Amino acid sequence: MTPARSGEWRPLPRRFYQRPVVELAAALIGQVLVRRRGRLLLAGRIVETEAYGGEGLDPSAHSFRGSTPRCAVMFGPAGHAYVYTTHQGRCCLNVTAEGDRRGKAVLIRALEPLSGLETMRALRLAALDEGPTRARLLAGRADHELAAGPGRLCLGLAIDRELNGVDLTGARSPLWIAGPGRSGGGSRPSIRWTPRVGLNPASASCAWSWRALDVASAAVSPPRGARAGGSKLPRPRACPRPQHRTAKNIP
DNA sequence: CTCACGATCAGCT
DNA sequence: GCTGATCGTGAGG
């Protein structure tokens, strides 16, 4: 936001990412994702993440069946960006974990915008078709909705496949993750665990509560299609026996 | 080459 | 709360 605050946004070191992936998903809550675009900094506080396990361990992970051209970055060192495209030209951002080259990563699902809000709004709008609803969207898009969702935050922060593989710890990186700085207030966020979004409810991995979210944030992404603006926290998708992580759960 | 499948989103009921 | 759009990716023939 302010130059003084942006000066506090230094990249977290490699060792921050070198830990079990579920632990990293929790540790990322409250940190600040920063995107440098020319002289402009776009940034938001991370409020929602999901852990994805490794090859042969987590059927929901792209790395489950081993390295492919798309997910090769997951098999690289920790602290790099894995950006993949989903349909409708949208992207999702993951950060690699552990560095054991077994394909573990954390999906960043939602941010609370901190810096560059007008640019985020413009980038989001540019991705929509021109039409009669455009003005209404412009007026109605609340700040906390700008990056509430994995595809939305990539649009708003101009994150696309060109950033796939970038080192998040690099001093000159166009993308990095920083500590909360003074604005963090010193108190650790309160984390709630739920099953991950979009899984087949019948799948065994649906029982693993590997989605971490900041209970205090209004910017967490709804599981699917729910109207924004409501104050209710998202309800986890119906899954058999949701449970918190256990030693057995952690790949 | 062809086919099936989503780690989604916006709009409407 | 539900539906349709729409296309990159990877597996298989």
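A note on names: the letters A, B, ... follow the listed sequences, proteins ahead of strands, and every chain is numbered from 1. Note that the coordinates shown come from a computational prediction; the quantities given were computed from them, not determined experimentally.
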How close or far is atom [atom2] of [N] from atom [atom1] of [X], stated in whole angstroms?
X: A:E145; N: B:dG11; atom1: CD; atom2: P; value: 11 Å
X: A:N94; N: B:dT8; atom1: CG; atom2: P; value: 11 Å
X: A:Y82; N: C:dG8; atom1: OH; atom2: C1'; value: 11 Å
X: A:R196; N: B:dA7; atom1: CZ; atom2: P; value: 10 Å
X: A:Y84; N: C:dC7; atom1: OH; atom2: C1'; value: 14 Å
X: A:H87; N: C:dG8; atom1: NE2; atom2: C1'; value: 10 Å
X: A:F64; N: B:dA7; atom1: CZ; atom2: C1'; value: 15 Å
X: A:H62; N: B:dG6; atom1: NE2; atom2: P; value: 10 Å

All N/O contacts under 3.5 Å from nucleotides 11-13 of chain C to the protein, with atom names and distances to one decimal?
none

(request) Determine, answering yes or no, if A:Y52 is stacked on B:dA7 under the 5.5 Å centre rule and the 30° plane rule. (result) yes
(request) Choose from B:dA7, C:dG8, C:dG10 the nucleotide whose nearest atom is closest to any side-chain atom of A:T85. (result) C:dG8
(request) Please tell me which of the listed nucleotides, C:dG8, B:dA10, B:dT8, lies nearest to the side chain of A:R124? (result) B:dA10
(request) Inspect the surroundings of CZ in A:R65 and state if more than 12 heavy atoms from other residues, nucleotides or ligands are less than 6.0 Å away. (result) no
(request) Report the residues that fulfil side chain to side chain contact (heavy atoms under 4.5 Å, CB included) with A:R37, sequence neighbours left out, ordered by chain and then residue number. (result) A:R35, A:L42, A:T119, A:L123, A:A158
(request) Can you sort out the partners of A:A51 under side chain to side chain contact (heavy atoms under 4.5 Å, CB included), two or more places apart, ordered by chain and number? (result) A:V21, A:V22, A:A25, A:W210
(message) Please determine whether a side-chain nitrogen or oxygen atom of A:R152 lies at a distance below 4.0 Å from atom OP1 or OP2 of B:dA10.
(response) yes
(message) Strictly below 4.0 Å: does A:R109 bring a side-chain N or O up to OP1 or OP2 of B:dT8?
(response) yes
Would you call [X] and [Y] a salt bridge, taking side-chain N to carboxylate O under 4.0 Å as the test?
X: A:E98; Y: A:R19; value: no
X: A:R192; Y: A:D214; value: no
X: A:D143; Y: A:R121; value: yes

(message) Running the 4.5 Å side-chain criterion over Ile, Leu, Val, Met, Phe, Trp and Tyr, what cluster does A:V73 land in, apart from itself?
(response) A:M74, A:F75, A:Y82, A:Y84
(message) Could you work out, with side chain to side chain donor-acceptor pair (under 3.5 Å) as the rule, every residue matching A:R90, not counting sequence neighbours?
(response) A:Q88
(request) Would you please enumerate the stems DNA chain B participates in, each stem being three or more consecutive Watson-Crick or G-U wobble pairs with both distances under 3.5 Å? (result) B:1-6 with C:7-12, B:8-12 with C:1-5
(request) Please determine, by modelled atom types, if A:S63 and A:E55 share a side-chain donor-acceptor pair under 3.5 angstrom. (result) no
(request) Select base, sugar-phosphate, or nothing to describe what A:G89 touches, counting heavy atoms under 4.0 Å on all strands. (result) nothing
